[in-house]
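When reading the values below, keep in mind they use all heavy atoms of this one structure, side chains included, and skip hydrogens, waters and symmetry mates. Quick caveat, the model's predicted, so the values are computed rather than measured.
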Amino acid sequence: MRILFVNPNSTVSMTEKIEAAARAAAAPDVTVEARTSHGGPPAIQGREDGEAAVAPLLKELARGVDDGFDAFVIACFDDTGLAEARAATGRPVIGIGQSAFHAAAMRGARFSVVTTLAVSVPVIEENLAASGLDRVCPRVRASGVPVLALETDPEPSERAVSGEIGRALAEDDIGAVVLGCAGMADLAARMTRAHGLPVIDGVAAACGFARTLVTLA
């Protein structure tokens with residue numbers, strides 16, 4: 001089985017991080033590849049960036065269909081272009097945001113989302129409401145870390161994300177945290193150890209869900 005992760009932004013280092021996280025989570029019968037949408041914005045921070053990313057994302061997905069991939073994952077936490085991608089491919093397409101939401105909810109826990117900048121919060125809140133999971137997510141929190149800082153300035157970025165997770169634990173009455181950016185994929189295990197509760201990465205969650213969808217088809 002072959003699963004293609006498409007990074008809707010044009011930052012190659014983030015694509016490499018996504019691919020490493022997906023391969024680490026993949027079952028033995030799954031081959032994972034990640035590709036960069038080179039026509040997209042360098043980072044997706046808010047609605048306008050997401051809209052600008054859709055057309056080049058769909059072109060990259062079309063190439064993936066031609067290359068025979070069995071399923072596709074949109075590797076942006078905003079689930080950029082998800083509806084359009086599903087309509088265009090005719091194969092399973094999921095987003096890392098929806099995957100992380102459902103993984104947290106299936107653990108039976110209330111969860112908060114810790115994302116990057118405040119401009120990303122409204123899109124994530126809308127996606128939670130559309131999925132019906134806003135009732136178990138009391139808050140979407142901005143860490144104040146720009147998306148690209150996760151690549152260019154990782155140590156201060158990690159401290160900021162960890163600090164926001166700590167505040168979520170203290171204030172939100174939750175049993176899990178969802179990391180609200182593909183660029184945080186490498187933080188999940190360390191944050192779980194540091195804070196003593198499940199910290200869920202949507203890239204890993206999507207890898208498992210995509211495989212399941214293909215086997216059910």
Side-chain angles (χ1 to χ4, degrees), residues 1-9 11-36 44 64 69-80 82 85 92-109 111-116 120 124 127-128 131 133 136-137 140 143 145 147 150-151 154 157-158 161-162 164-165 168 174-216:
M1 182 186 307
R2 300 171 67 220
I3 300 174
L4 178 63
F5 283 68
V6 179
N7 174 15
N9 76 42
T11 300
V12 173
S13 60
M14 189 172 295
T15 307
E16 292 169 348
K17 182 187 293 185
I18 290 163
E19 186 170 71
R23 287 180 172 173
D29 62 341
V30 173
T31 299
V32 167
E33 183 177 333
R35 296 180 180 176
T36 304
I44 297 175
F69 283 90
D70 299 295
F72 303 90
V73 176
I74 296 174
C76 173
F77 198 82
D78 290 359
D79 293 341
T80 302
L82 181 58
V93 183
I94 61 176
I96 66 168
Q98 68 168 180
S99 298
F101 299 154
H102 284 282
M106 285 190 287
R107 295 188 67 98
F111 63 93
S112 289
V113 176
V114 173
T115 189
T116 51
S120 298
I124 295 170
N127 290 347
L128 279 161
S131 71
L133 294 176
V136 292
C137 180
V140 179
S143 65
V145 176
V147 169
L150 293 161
E151 306 299 303
S157 298
E158 182 171 341
V161 171
S162 183
E164 199 60 41
I165 291 173
I174 53 172
V177 168
V178 166
L179 295 174
C181 179
M184 298 178 184
D186 59 335
L187 302 183
R190 293 198 295 278
M191 294 297 101
T192 294
R193 290 192 298 269
H195 294 281
L197 87 168
V199 177
I200 296 169
D201 158 45
V203 173
C207 199
F209 284 132
R211 179 185 181 279
T212 298
L213 289 175
V214 173
T215 62
L216 292 175

Exercise. If we only count heavy atoms from C-beta on, is the Cys207 to Phe5 side-chain gap below 4.5 Å?
Worked result: yes
For this session: Dump the intermediate steps for salt bridge (charged side-chain N to carboxylate O under 4.0 Å, His left out) on Arg35 and Glu19, then the final yes or no.
Result: CA-CA 8 Å; Arg35 296 180 180 176; Glu19 186 170 71; over 6 Å; no
Problem set entry | Heavy-atom pair with the smallest gap, counting every atom of Ala100 and Gly202 | CB-CA, 3.7 Å
For this session: For Val147 and Met14, run side chain to side chain contact (heavy atoms under 4.5 Å, CB included): C-alpha distance rounded to whole Å, both residues' side-chain angles, the deciding distance at 0.1 Å, then the answer.
Result: CA-CA 10 Å; Val147 169; Met14 189 172 295; 3.3 Å; yes
Exercise. Would His195 and Ser162 count as a side-chain hydrogen bond (donor to acceptor under 3.5 Å, both in side chains) if you check the C-alpha gap in whole Å, the side-chain angles of each, and the deciding distance to 0.1 Å?
Worked result: CA-CA 8 Å; His195 294 281; Ser162 183; 2.9 Å; yes
Problem set entry | Side chain to side chain, Val177 and Phe111, heavy atoms closer than 4.5 Å | no
Seminar exercise, completed: Distance col, row Ile44:CD1 vs Thr11:OG1, nearest 0.5 angstrom, shows 9.5 Å
Problem set entry | Distance, nearest 0.5 Å, that separates CZ of Arg23 from CD1 of Ile18 | 12.5 Å
Exercise. What's the spacing between Ile200 CD1 and Ser99 OG if we round to 0.5 Å?
Worked result: 11.0 Å
Seminar exercise, completed: In this structure, CZ of Phe72 is separated from CG of Leu82 (nearest 0.5 Å) by 13.0 Å
Problem set entry | Minimal non-hydrogen separation, Pro198 against Thr192, with atom names | C-OG1, 4.1 Å
Problem set entry | Step-by-step salt bridge (charged side-chain N to carboxylate O under 4.0 Å, His left out) determination, Arg211 to Asp70 | CA-CA 9 Å; Arg211 179 185 181 279; Asp70 299 295; over 6 Å; no
For this session: Verify, without hydrogens or angle tests, whether Asp79 (side chain) and Gln98 (backbone) share a donor-acceptor contact under 3.5 angstrom.
Result: yes
For this session: Provide the closest heavy-atom pair for Ile124 versus Gly180 in the form atom of the first, atom of the second, distance.
Result: CD1-O, 4.4 Å
Problem set entry | Expected output: side-chain Asp78 to main-chain Thr80 donor-acceptor under 3.5 Å | no
For this session: Give the C-alpha distance, both sets of side-chain angles, the deciding distance and a yes or no for side chain to side chain contact (heavy atoms under 4.5 Å, CB included) between Val73 and Leu4.
Result: CA-CA 6 Å; Val73 176; Leu4 178 63; over 6 Å; no
Exercise. Which heavy-atom pair separates Ala188 from Asp201 by the least distance, and what is that distance?
Worked result: CB-CB, 3.8 Å
Exercise. Is the number of heavy atoms from other residues, nucleotides or ligands under 6.0 Å of Arg2 CZ greater than 12?
Worked result: yes
For this session: Using a 4.5 Å cut-off on heavy atoms from C-beta on, say whether the side chain of Val199 contacts that of Val178.
Result: no
For this session: Could you tell me which non-hydrogen atom of Ser157 sits nearest to which non-hydrogen atom of Val145, and how far apart they are?
Result: OG-CG1, 3.4 Å
Exercise. Between Val140 and Ser112, is any pair of side-chain heavy atoms under 4.5 Å apart?
Worked result: no
Exercise. For the ring pair Phe77 and Phe101, is the centre-to-centre distance below 6.0 Å?
Worked result: yes
Problem set entry | Euclidean distance, Thr15 OG1 relative to Asn9 CG, rounded to 0.5 Å | 6.5 Å
For this session: Could you check Ser13, Ser143, Cys181 and say which one makes a side-chain contact (heavy atoms from CB on, under 4.5 Å) with Leu150?
Result: Cys181
For this session: Evaluate the side chain to side chain contact (heavy atoms under 4.5 Å, CB included) criterion for residues Ile3 and Thr31: first the C-alpha distance (whole Å), next the side-chain angles of each, then the deciding distance (0.1 Å), finally the verdict.
Result: CA-CA 6 Å; Ile3 300 174; Thr31 299; over 6 Å; no
For this session: Check step by step if side chain to side chain contact (heavy atoms under 4.5 Å, CB included) holds for Thr116 and Val161.
Result: CA-CA 8 Å; Thr116 51; Val161 171; over 6 Å; no
For this session: Could you tell me whether the side chain of Ile94 reaches within less than 4.5 Å of the side chain of Ile74, counting heavy atoms only?
Result: no
Problem set entry | Rounded distance (nearest 0.5 Å) linking atom NZ of Lys17 with atom CG of Asp186 | 4.0 Å
Problem set entry | Beyond-backbone contact of Arg190 with Glu158, side-chain heavy atoms, under 4.5 angstrom | yes
